[in-house]
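Here's the structure, in C-alpha cells; my notes come after.
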Protein chains: 2
Amino acid sequence: MSIEDPLQQPHLPLVVSSTGGANQVRVRAYNERLILSLVRLYGSLSKADIARLSGLSAQTASVIMRSLEKEGMILRGDPVRGRVGQPSVPMQLNPDAVYSFGVKIGRRSADLVLMDFVGNIRLHLHETFPYPLPDRIMAFITGGMAKLEAELGPGQQGRIAGVGIAAPFELWNWAGEVGAPKGAMDVWRDFDLQSEVAAKIPYPVFLQNDATSACGAELVFGKGSAYQDFVYFFVGSFIGGGIVLNSAIYSGRTGTAGAVGPLPVLGKNGEPRQLLEIASIVVLERMLRDLDIDPQPLWYSADQWIDFGEPLSAWIDASAKALAQAIVAAASIIDFGAAIIDGGFPGWVRERLVRATIVEAKRLDLQGVVMPDIIEGAVGSQARAIGGASLPIFARYLTDQNVLFKDLS
Amino acid sequence: MSIEDPLQQPHLPLVVSSTGGANQVRVRAYNERLILSLVRLYGSLSKADIARLSGLSAQTASVIMRSLEKEGMILRGDPVRGRVGQPSVPMQLNPDAVYSFGVKIGRRSADLVLMDFVGNIRLHLHETFPYPLPDRIMAFITGGMAKLEAELGPGQQGRIAGVGIAAPFELWNWAGEVGAPKGAMDVWRDFDLQSEVAAKIPYPVFLQNDATSACGAELVFGKGSAYQDFVYFFVGSFIGGGIVLNSAIYSGRTGTAGAVGPLPVLGKNGEPRQLLEIASIVVLERMLRDLDIDPQPLWYSADQWIDFGEPLSAWIDASAKALAQAIVAAASIIDFGAAIIDGGFPGWVRERLVRATIVEAKRLDLQGVVMPDIIEGAVGSQARAIGGASLPIFARYLTDQNVLFKDLS
DNA sequence: CAATAAATAAATCCAATTGAATTATTAATC
DNA sequence: GATTAATAATTCAATTGGATTTATTTATTG
C-alpha cells in the first residue's frame with residue numbers, strides 16, 4: 001500500500017526545513033517508543049525501572065506502561081519478591097503483539113520470513129533459482145506472504161506491521177557473475193520493486209540494501225546493542241556493509257552509507273584494489289572453479305559449506321588483509337567502537353576470518369588511530385532477511401529521534 | 001566556571017540510557033532553539049515564515065518570537081509591503097545579543113577572538129611564540145579576555161556565552177616538529193587546559209580539536225549550510241578534519257571522529273603512508289628547508305605566504321593525490337554530499353590544491369563510489385578560532401536534538 | 001468593498017510533573 | 001512470634017505549562 005523509503009530522502013535545498021517543531025502529541029509518541037525500545041533492550045523492566053532509565057517521572061512511566069499493556073504491546077510478568085518494598089512487576093514485550101515480513105533477495109535464492117515482535121522467526125520460505133528475475137521474485141513475495149498469512153491464522157493478520165525487502169544494489173550489474181545471459185537482468189533497471197509490491201499488498205513496504213539490513217539485524221538482535229557506533233561488514237556474494245551511529249542505522253543521503261565495497265585497499269602485490277574485488281564470496285567461487293573444485297556447496301546454504309582446504313585458507317587470508325585495511329580506513333574517519341564481521345557463511349569460517357583480520361590489523365600503521373574492537377557478528381547468514389523484517393517494526397514502534405520532529409502522517 | 005565537554009562522553013554500558021524521555025519544558029527549549037537556528041540560517045524571517053518552516057502553529061511561532069524579541073535575541077525589521085494582506089515583519093538575529101570568545105592554539109601562534117551572535121569578529125588578539133607552553137597560553141587567554149572585555153564596555157559582559165578553545169590533539173607529540181627541546185612540551189600531558197581556564201573565568205569553557213572546530217565554523221558560517229553531510233579537511237601544521245552528519249558536527253565517542261590524519265593513502269612510490277605525512281604544512285616546511293629556502297613566511301600569517309615555486313607545486317601535487325584518495329575512502333564509508341578543503345594558507349593556495357585534488361580524484365577507481373562535490377572552504381585560516389567561539393553559542397542557543405532528551409542543568 | 005495574509009487573543013487540550021496516599025514487602029526490635 | 005520501622009512500587013488527584021484551535025483584528029492590494 002503505502003511506500004516507506006529509508007533510502008529516499010528528498011534533496012532539500014536547506015537542511016533544517018526537514019526538521020519541524022516539537023509538540024505534545026509527538027512527545028507522547030516519542031516516549032512510548034522510547035519505553036518500548038528500553039523494554040526490548042533490557043528484556044524485562046518494571047514501571048519503576050522505566051522511570052529510572054528514561055528520566056521520566058514515575059507517574060508518566062506508569063501511565064504509558066499501563067496504556068501499552070492495555071493495547072497488548074507488553075505483558076505483565078510474575079512479581080519479583082525478595083527485596084524490601086512492594087514487589088516489582090516486570091513487563092516484557094508481547095511476542096505476538098506485532099508480526100513483520102522480511103524478504104531477502106539473493107543471487108541464487110530468496111528468503112521470506114515472518115518475524116514476531118521479539119525477533120523470533122515464526123515461519124520461513126526459501127526458494128532457489130539460477131538468477132533472480134522480477135516476475136519470479138514478485139510471485140515469490142506475494143504468493144509466499146499469502147501462504148504464511150494463512151498459516152498464521154485469521155485473527156492475527158491485523159497485527160502485521162509491514163514488509164521489509166533486503167536487496168543488493170544494482171542487481172542488473174550481476175548478469176556476468178551469476179552466469180545469466182548478458183543483459184538478462186537489465187529488466188531490473190526499470191523495475192521498481194517497492195512500488196510493485198506495495199501495489200499488491202495492503203501493508204507498508206520498505207526496501208533497503210541487503211547488507212545495511214543485515215547491519216540493522218545485528219544492531220537489534222546481535223552484538224550491536226553493546227556499542228553506540230560500529231561499522232559492519234557482511235560478506236555475501238559481494239561484500240557490503242552498514243554504519244551504526246548513536247545506536248541507529250545511518251544510511252545516508254543516498255542510502256549508500258556503509259556500502260564499503262568500493263573502499264580502496266592494497267592487493268596481494270601492493271596494487272590498489274576495491275574491497276569487493278577481494279573479500280567477496282564470488283572471489284572464492286572463482287578460485288575454486290580455477291582449481292576445478294565444484295563451488296556449488298557455497299550456494300546451498302551457509303550451513304552446508306565444506307572445508308575447501310587450501311583455496312579457502314588463501315581466500316580468508318586475502319580477505320582478512322583487505323578487511324583489516326578497510327577497518328583502519330573506517331576508524332580513521334569515524335571512531336567506531338567496533339567493527340563487526342558477518343556473512344553468508346558458516347560460523348567456523350566467520351571465526352577464522354575474524355581471527356585473521358585481528359592479526360592483520362596489528363601489522364598496519366595504527367599511529368593515531370583509535371582502533372575498534374574487531375568482533376564476529378552474532379546473527380549469521382539470515383541477518384539480511386531479519387534486518388528486512390525489522391524495518392517495519394522500527395518504523396512504527398521503536399525509537400527514532402525523528403518521531404519528535406517529522407510528521408509521520 | 002563550569003566545564004562543558006563535547007569530547008567527553010561517558011562510556012555507558014548500555015546505549016539508550018543516555019537518552020531520556022521528552023517533556024514540555026524541553027519541547028519549549030527545543031522550539032526556541034529551532035527558531036533561532038532558522039532565523040540564523042535564513043537571515044531574516046517573519047513570524048508567519050517561522051510557522052511555515054517549522055510546522056508549528058502560527059500562534060506558537062508568534063508567542064516564541066515575541067518572547068525572543070523581548071529578551072533581545074532578535075530584532076524587528078521594517079515591514080515588507082507590496083503584497084496582499086497585512087505586511088510581514090521580518091525578524092533578524094540581534095548581533096549584540098550574545099558574544100563569545102574563541103581561542104586557537106597553534107604551533108607558532110595563538111589567537112583570541114571575540115565573536116558576536118551573527119559570527120562577526122569584533123575584537124582580535126594574536127600572539128606568536130617559538131612553541132606553546134601552558135603558562136604562556138594561560139596568560140594569553142585570561143589576560144586577553146580581560147583586555148577584550150574591557151574594550152567591550154561594562155554593560156555587555158553579561159552577554160558573554162563562554163569560551164571555546166580550539167587546540168590540536170596531543171600537543172606534546174610536537175616537540176621535535178616545532179624545534180622545541182625534547183620533552184619541553186611534556187608539561188601538556190598532565191595539564192588540563194579546560195579545567196585550568198574554567199577555574200579562572202566565570203563563563204563556561206569548551207575545548208575541541210582545532211580541525212573539528214574549523215569544521216564547525218564552515219558548517220555555520222561557510223559552505224556547510226548547503227550540505228546535510230560533508231567531510232572537512234583543514235590543512236594546518238598537521239592536517240586534520242571533521243565530519244558533519246545531518247547538519248551537525250559528529251565528533252564521535254572519543255571526540256576523534258574526522259581526525260583524518262592517520263588515514264592510509266599511497267605515497268609517491270606506491271608505499272603506504274598516513275595522510276598527515278603528506279598533506280601537512282610541516283612537510284612543505286621540510287621541503288623548503290631541504291632546499292635552503294627560508295620557510296618563515298609560512299608561519300607569519302596565512303596572507304603573507306609567497307609563491308615558493310617548484311617545491312610548493314610539488315607539495316600541492318602530492319597533497320592533492322593524498323587528499324583525493326582520502327576523499328574516495330571517506331566516500332566509500334559515508335555518502336558525503338561534499339568534501340570541503342580549507343587550511344592555514346592563502347586563498348590562492350587553497351584554490352590550487354582543490355583544483356588539483358579534483359583532477360587526481362578522477363584518476364582513481366570510482367566504480368560504485370558516490371563521489372562528493374570537492375570544494376573550497378569559505379572561512380579560511382581563522383576558521384579554528386571562529387569554530388571555537390561558536391561552541392558556547394551552539395551549546396546554548398542553537399539546535400541540537402539533545403536538547404529534548406538530555407538534562408542540560 | 002472583497003479578498004488575502006499576518007498577527008494576536010482567548011479558550012481549550014493534553015501530557016508531564018508534583019505531592020500525597022496506598023500497598024506490599026523486608027528488616028529490626030521486643 | 002508479634003509489632004513496628006523502613007523501603008520501594010504503584011497510583012490518584014491536582015497542577016503546570018506549552019501547543020493547538022477558533023475567532024478576531026489589522027493592514028494591505030485590487
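Throughout, a chain's letter reflects where its sequence line sits, starting with A, and its residues are numbered from 1.
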Could you check which of [options] has an atom nearest any side-chain atom of [X]?
{"X": "B/Q86", "options": "C/dA5, C/dT8, C/dA16", "result": "C/dA5"}
{"X": "B/S57", "options": "D/dT20, C/dT17, C/dA24", "result": "D/dT20"}
{"X": "B/Q59", "options": "D/dC12, C/dA6, C/dA10", "result": "C/dA10"}
{"X": "A/A48", "options": "C/dT17, D/dT10, C/dA7", "result": "D/dT10"}
{"X": "B/N31", "options": "C/dA10, D/dT10, D/dA19", "result": "D/dA19"}

Provide the closest heavy-atom pair for B/S247 versus B/Y227 in the form atom of the first, atom of the second, distance. OG-O, 4.4 Å
Which atom of B/G119 lies closest to which atom of B/F221, heavy atoms considered: CA-CE2, 3.4 Å
Applying side-chain contact (heavy atoms from CB on, under 4.5 Å) between A/M115 and each of A/P95, A/S390, A/P392, report the one that passes. A/S390
In this structure, how many angstroms lie between the [atom2] atom of [N] and the [atom1] atom of [X], rounded?
{"X": "A/I64", "N": "D/dT10", "atom1": "CD1", "atom2": "C1'", "answer": "15 Å"}
{"X": "A/D78", "N": "C/dA24", "atom1": "CG", "atom2": "P", "answer": "17 Å"}
{"X": "A/L53", "N": "D/dA9", "atom1": "CG", "atom2": "P", "answer": "12 Å"}
{"X": "B/E32", "N": "D/dA19", "atom1": "CD", "atom2": "P", "answer": "8 Å"}
{"X": "A/M91", "N": "D/dT10", "atom1": "CE", "atom2": "C1'", "answer": "12 Å"}
{"X": "A/M65", "N": "C/dA16", "atom1": "CE", "atom2": "C1'", "answer": "17 Å"}
{"X": "A/I50", "N": "D/dA8", "atom1": "CD1", "atom2": "P", "answer": "19 Å"}
{"X": "A/K70", "N": "D/dT11", "atom1": "NZ", "atom2": "C1'", "answer": "15 Å"}

Salt-bridged, A/D116 to A/R159, with N to O below 4.0 Å? no
For [N], take OP1 and OP2 only and decide whether either is under 4.0 Å from a side-chain N or O of [X].
{"X": "B/T60", "N": "D/dT20", "answer": "yes"}
{"X": "A/R26", "N": "C/dA15", "answer": "no"}
{"X": "B/S88", "N": "C/dA6", "answer": "no"}
{"X": "B/R83", "N": "C/dT4", "answer": "no"}
{"X": "B/K47", "N": "C/dT8", "answer": "yes"}
{"X": "B/R66", "N": "C/dT8", "answer": "yes"}
{"X": "A/S62", "N": "D/dT11", "answer": "yes"}

Please determine, by modelled atom types, if B/Y250 and A/D335 share a side-chain donor-acceptor pair under 3.5 angstrom. no
Given DNA chain D, 5'-ward residue of the pair A/P87 and B/V25, judged by closest heavy atom: A/P87
Both A/R76 and B/R28 contact DNA chain D. Which one's nearest nucleotide lies toward the 5' end? A/R76
Between the base of C/dA16 and the side chain of A/Q24, is there a donor and acceptor pair under 3.5 angstrom? no
Any base atoms under 4.0 Å from A/V89, or only sugar-phosphate, or nothing? Heavy atoms, all strands. sugar-phosphate
Can you tell me how far the CZ atom of A/F117 sits from the OG atom of A/S100, to the nearest 0.5 Å? 10.5 Å
